[in-house]
Amino acid sequence: MAKKTKKKRPSTTGLVRLTRQKVTDGLPGPDGVRIRYAVPEEAGVVTELVKMADDDMETGHLEALADGQCGTWLLDALAGIDPAEPLVRALSAGDLQPAAAALSLPLVAQDRDGHVIGALLTVPSGRIISDIAQLPGSQQHALLSMLKYAKIKALAVREDARGHGVGAALLKRCVQVYWQLDYMLLFGEFATERDLGPYYRPQGFTVLRPGQAIDVGTLLAGVPVHLGAGPGETFFYRWRGNMR
């Protein structure tokens with residue numbers, strides 16, 4: 001049976017429309033840097049970058065990257081293939097972990113010499129899925145959250161490459177991918193002691209004060225579900241367009 005394709009929509013970012021080929025080949029960044037999809041062979045260097053940046057990334061995410069399973073559905077979506085059908089099949093099979101990997105986005109920044117100097121990983125939020133799934137009759141809404149909300153799990157730039165806009169370029173392309181695919185929210189957390197608010201705000205993100213939260217439930221399920229940072233963490237987020 002032929003795969004269903006989604007009708008192409010105009011870019012909502014003001015940037016050139018992305019394709020699978022453009023993301024895998026690489027998009028321009030500062031000083032000749034290319035921002036592109038990470039390949040399995042780069043799982044090791046991505047791990048080292050994340051460790052140096054003190055970001056937390058579970059073993060499962062790295063294994064999915066090394067196995068070539070990370071982000072495959074997002075690449076398909078950029079080619080016009082609707083990820084909803086395989087997601088529903090994964091739910092029917094009772095195994096959403098591979099689906100979560102396929103809906104994650106691994107990006108790297110490669111310098112002129114071919115070295116990976118930065119990395120970014122976004123993932124579906126297990127917390128949002130769990131919280132919305134607990135609402136009566138909201139299993140489908142929990143599933144929909146995987147196609148509408150994404151968490152910036154890790155962002156790291158090699159120490160000697162910092163201060164040149166590499167991290168900002170990774171974020172820019174991350175936002176571009178997700179907005180083009182009709183996602184509605186990108187969010188993340190950082191250790192409060194790192195004081196990264198002045199970094200994320202110029203990239204278009206809102207940084208919450210301790211104790212604040214956003215509502216991620218009403219939009220999907222019609223019932224408020226609040227999301228914020230835990231102790232010692234600071235929450236940042238960005239809604240697409242003027243949705244919030």
Side-chain angles (χ1 to χ4, degrees), residues 3 18-27 29 33-53 55-91 93 95-110 114-129 143 145-158 166-167 169-183 185-189:
K3 294 181 178 178
L18 298 179
T19 63
R20 179 207 294 262
Q21 194 66 49
K22 287 176 182 176
V23 173
T24 53
D25 287 348
L27 297 148
V33 167
R34 303 291 291 178
I35 307 298
R36 60 169 174 76
Y37 175 77
V39 297
E41 295 78 12
E42 292 165 338
V45 67
V46 168
T47 301
E48 292 305 312
L49 282 168
V50 170
K51 285 181 179 178
M52 285 190 292
D55 277 337
D56 175 37
M57 193 156 74
E58 286 89 348
T59 302
H61 296 138
L62 298 170
E63 290 176 348
L65 177 56
D67 292 341
Q69 302 303 311
C70 197
T72 53
W73 291 359
L74 292 183
L75 289 180
D76 286 346
L78 288 173
I81 300 171
D82 190 347
E85 289 189 11
L87 182 56
V88 170
R89 289 196 296 269
L91 177 65
D95 190 2
L96 286 180
Q97 186 171 349
L103 289 171
S104 299
L105 179 65
L107 295 178
V108 292
Q110 179 181 333
H115 300 129
V116 172
I117 59 172
L120 178 147
L121 178 73
T122 54
V123 301
S125 170
R127 179 179 168 190
I128 291 179
I129 296 167
L143 203 65
S145 76
M146 298 178 70
L147 300 175
K148 294 300 179 183
Y149 299 156
K151 180 178 182 178
I152 299 172
K153 186 66 176 176
L155 172 62
V157 177
R158 201 174 68 190
V166 174
L170 283 162
L171 281 171
K172 171 185 174 181
R173 296 307 181 182
C174 167
V175 170
Q176 186 181 5
V177 168
Y178 280 108
W179 281 190
Q180 183 172 312
L181 296 180
D182 290 336
Y183 275 68
L185 173 69
L186 283 168
F187 71 94
E189 301 168 349

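FYI, the numbering just counts along the sequence from 1.
- Contact record, L49 with V157: CD2-C, 4.2 Å, taken as the closest heavy-atom pair.
- Atom CD of Q21 is separated from atom CG of L75 by 10.5 Å, given to the nearest 0.5 angstrom.
- In this structure, M146 CE and L91 CG are separated by 9.5 Å, a value rounded to the nearest 0.5 Å.
- Residue pairs meeting the side-chain hydrogen bond (donor to acceptor under 3.5 Å, both in side chains) criterion with at least one partner in residues 119-129, sequence neighbours excluded, are T122-Y178.
- Taking each heavy atom of W73 and A90 in turn, the nearest pair found is CH2-CB, 4.5 Å.
- Side-chain contact check for L171 versus I152: some heavy-atom pair is nearer than 4.5 Å.
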key: Pair L143-L96, side chain to side chain contact (heavy atoms under 4.5 Å, CB included): steps then yes or no   = CA-CA 9 Å; L143 203 65; L96 286 180; 4.0 Å; yes
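- Between the CD atom of Q180 and the OG1 atom of T19 there is a distance of 8.5 Å, given to the nearest 0.5 Å.
- Contact between P40 and A66 at its shortest, heavy atoms only, is CB-O, 3.3 Å.
- Between the side chain of R173 and the main chain of I35, no donor-acceptor pair closer than 3.5 Å is present.
- For Y37, there are no ring pair (Phe, Tyr, Trp, His ring centres under 6.0 Å) partners, not counting sequence neighbours.
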task = Using the side chain to side chain contact (heavy atoms under 4.5 Å, CB included) rule, take D76 and R20 through it: C-alpha gap first, then chi angles, then the decisive distance, then the call.
result = CA-CA 7 Å; D76 286 346; R20 179 207 294 262; 2.6 Å; yes
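- Side-chain contact check for L103 versus L74: some heavy-atom pair is nearer than 4.5 Å.
- Taking 4.5 Å as the limit, some side-chain heavy atom of C70 sits within range of a side-chain heavy atom of L121.
- In this structure, C174 and L105 approach most closely via the heavy-atom pair CA-CD2, 4.2 Å.
- The two atoms that bring Y149 and Y183 nearest to each other are N-CD2, 3.6 Å, heavy atoms only.
- Side-chain atoms of V108 and R36, non-hydrogen and from C-beta on, do get closer than 4.5 Å to each other.
- Minimum interatomic distance between L170 and A109 (heavy atoms only, all atoms of both residues): CD2-N, 4.0 Å.
- A salt bridge does not link D182 to K148: none of the charged side-chain nitrogens sits closer than 4.0 Å to a carboxylate oxygen.
- For the atom pair CD of E189 and NZ of K153, the computed distance is 8.0 Å after rounding to the nearest 0.5 Å.
- Side-chain contact between L18 and L27 is present, with heavy atoms from C-beta onward closer than 4.5 Å.
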